[in-house]
Structures are given as structure tokens and as C-alpha cells.
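To start, the structure itself, in C-alpha cells.
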Amino acid sequence: MFQRDSVGGTFTVAAILCVVCSIIVSLTAVGLRPIKEENEQLAFQREVLTVLGLYNRDENSAEEIPELFKQVKPLLVNIDEGKVAETDEVDAETFNLQEVSANPELMVDIPSEKDVAGIGAREKFTKIYVLTNSSGKIDQIVLPVRGKGLWSTMWGLLSLDGDGKTVRGLTFYADGETPGLGGEINNPRWKAAWSNPECPKVLYNEQGEVTISMFKGGVTCETPNAEHRFEALGGATITTRGVESMMHYWLGEHGYKPLIKNMTSGELQVAAASN
């Protein structure tokens, strides 16, 4: 007979409570998963729109994101081939970069001499985002980039002009750098220097080589080679070098360079986004 005030009874009641609570927590997590995934998708779309200059937190609401995002053309690409991906290994509709990067079967090892970003491997396929102008020409290309900082992998989005070499925007949507130091990669003032049309940053030189370097001190339009230099973050040398290195890797031959070349030469055609 069950004795509530006995030691056995106490453990039995505790065990039942644990099981009931576990079931409630599990059911809640499963039930909220679609909402969580939808919110994550909206947050990522907001970052894409922000780096394209189509979304301003002070002027736009979260409810406007789906409508604004209709201007953008998502494109699943094969990075090695520099072309639109034709594969059944990943689904373009449900593509999640962080999930793909955790699947060894979908990754390509990076030779150590080329792994300046310190990530070891990169995905075979990724999803980029293209904005076309009223003439149907490519206006901006948004490329996912990442690289090691001081404490973390910094996940970012780089927007290039239709010329494939001039920066239109840069943002980071996930990182674990030190607040107030390396974490300043998301300081609007610092990021604004990457999207200043009066003093644009150009990531390739005339020979088509990736040319970018950090500069300790303020960078103005009058700074020598200002178009290839970005301001180093004070007290965050390793984080700053991480940003510099990820640009060298992702814009190089093992990264997006073949894709950018195909897009800017017209070999890879991009249809305008449907509204």
C-alpha cells in the first residue's frame, strides 16, 4: 500500500513530478518549434535587408519584413563551380547555413595554407541573396561570410555592389566577441564606414587580387589607399584581423571569387525577384 509520508513515497512522488514536468516541457518545446523557426527566419531576413539598406530599425517594423524581402532573390549556389546549384543534397527552401556547416557530408576541407579565416572547412553549397535594379541588372550581392575572432566564429553578411568588388554593407548576426572591444564589429558607427558611398571600400585591386588591410587610427577619404583600408577596432586586434582574414578567404579563389566572376561577367544570369 502506498505510504505518502514514507521515504519510498517521497521518491515516488518526486519521480512522478519529474516525468510530468518533462512531458510538459517537451510538448511545449515541440509546440513552439514552428514559432521559433519562423522568428529565426524573420531575424535572418531582417539582417539581409539591413545589409542591403532596405530595412531601418527606427523606420520599419518587424511586420514589414516579409513584404520587403520579396524584393530579394535568394539563390542556392555551388561555391566550387561558382554557379547556381543543381543538387538534391540540400533543399533551397529550408536551407540553414549553420545546420549545413555542422554536417560533414556537406562540407569541403580547406587546405591549411588557404585557411586564413581559421574555419577548417566550408560548405559545398550556400544561399546568397541578390537585389536587382529596375533594368534587371544586379545591384547588390549578399554573401554569407564567417571567420574566427578572439573568442568565437563571427557569422556575417557582406553586400557587394553589382561590380562585385565595392562594399555596400557589412553586418554580423552571430558572434561571441568581447562587448565593448571585439563586439564593436556590430557598432553602427564602425559598420557605417563599410557602406559610405563617398569613401567606398573596394576589396579587389585592378589585378583582381583581394586587397584589404586594417589601419590603426581613423580612416578618412584622404588616408592613403583608403579604399582598401578599414579602421582597426581599439583593443581588439585579433578580432580585427579575423575580419580582415575572412575577407581574404571568402573573396579568394577557394571562396566566392569564381561565383563573383560569373555573376559580374553575365555568365550567371539572375532573374528579378517576383513580387
Can you tell me how far [atom2] of [Y] sits from [atom1] of [X], rounded to the nearest 0.5 angstrom?
X	Y	atom1	atom2	answer
R241	S213	CZ	OG	12.0 Å
L17	S22	CG	OG	10.5 Å
N205	T211	CG	OG1	3.5 Å
H254	E113	NE2	CD	9.0 Å
L106	E99	CG	CD	11.0 Å
E59	E64	CD	CD	9.5 Å

**Prompt:** Please walk me through it: do I138 and T264 pass side-chain contact (heavy atoms from CB on, under 4.5 Å)?
**Reply:** CA-CA 8 Å; I138 296 175; T264 54; over 6 Å; no

Assigning hydrophobic clusters by single linkage (Ile, Leu, Val, Met, Phe, Trp, Tyr; side-chain heavy-atom cutoff under 4.5 Å), is [X] placed with [Y]?
X	Y	value
I185	L150	no
M214	M154	yes
V77	M107	no
F11	V20	no
F215	V167	no

Kindly give the heavy-atom pair with the smallest separation between [X] and [Y], and that separation in Å.
X	Y	result
W250	E123	CH2-OE2, 3.6 Å
V145	L157	CG2-N, 4.3 Å
E81	N78	N-OD1, 3.0 Å
T220	A226	O-CB, 3.2 Å
A117	Y249	CB-CB, 3.9 Å
P144	I128	CD-CG2, 4.2 Å

I'd like to check [X] versus [Y] (side-chain heavy atoms, cut-off strictly below 4.5 Å). Are they in contact?
X	Y	result
M263	V130	yes
L181	T239	no
L75	Y129	no
F125	T87	yes
F230	T240	yes
K257	Y204	yes

**Item:** Check against side-chain contact (heavy atoms from CB on, under 4.5 Å), D80 and V108
**Value:** CA-CA 9 Å; D80 287 325; V108 175; 4.0 Å; yes

Using only atom types and a distance under 3.5 Å, with no angle test, would you say the side chain of [X] pairs donor to acceptor with the backbone of [Y]?
X	Y	value
N133	D139	no
E47	T171	no
D115	P111	no
H248	V243	no

**Request:** Go through S101 and R146 one step at a time and tell me if the side-chain contact (heavy atoms from CB on, under 4.5 Å) criterion holds.
**Result:** CA-CA 11 Å; S101 66; R146 68 179 181 278; 4.0 Å; yes

What do you reckon, is [atom1] of [X] surrounded by more than 12 foreign heavy atoms closer than 6.0 Å?
X	atom1	value
K261	NZ	no
R122	CZ	yes
I238	CD1	no
E198	CD	no

**Asked** Can the ring centres of W155 and F172 be said to be less than 6.0 Å apart?
**Response** no

**Asked** Do the two ring centres, one from Y173 and one from F44, sit under 6.0 Å apart?
**Response** yes

**Item:** Between K191 and N186, a side-chain donor and acceptor under 3.5 Å
**Value:**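 Yes, a side-chain donor-acceptor pair sits under 3.5 Å.
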
**Side-chain H-bond candidate by donor/acceptor type, T166 with D161, under 3.5 Å** = no

**Request:** Apply side-chain contact (heavy atoms from CB on, under 4.5 Å) to L42 and F69, showing your working.
**Result:** CA-CA 10 Å; L42 283 175; F69 200 74; over 6 Å; no

Any salt bridge between [X] and [Y], counting N to O under 4.0 Å?
X	Y	value
K201	E227	no
R189	E231	yes
E244	R229	no

**Asked** L160 pairs by side chain to side chain contact (heavy atoms under 4.5 Å, CB included) with which of V142, L170, L203?
**Response**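 When side chain to side chain contact (heavy atoms under 4.5 Å, CB included) is applied between L160 and each of V142, L170, L203, only L203 qualifies.
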
**Asked** Testing L52, V48, L49 for side chain to side chain contact (heavy atoms under 4.5 Å, CB included) with L131, which one passes?
**Response**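 Of L52, V48, L49, side chain to side chain contact (heavy atoms under 4.5 Å, CB included) with L131 is met by L52 alone.
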
**Which residues share a side-chain contact (heavy atoms from CB on, under 4.5 Å) with A192, sequence neighbours left out** =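 Partners of A192 by the side-chain contact (heavy atoms from CB on, under 4.5 Å) criterion come out as none, since no residue qualifies.
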
**Item:** With sequence neighbours excluded, residues passing side-chain contact (heavy atoms from CB on, under 4.5 Å) with N262
**Value:**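 Counting only residues at least two positions away or on another chain, N262 forms a side-chain contact (heavy atoms from CB on, under 4.5 Å) with K83, E267, L268.
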
**Message:** Suppose we screen for side-chain hydrogen bond (donor to acceptor under 3.5 Å, both in side chains). Which residues come up paired with T153, at least two apart in sequence or across chains?
**Reply:** K148

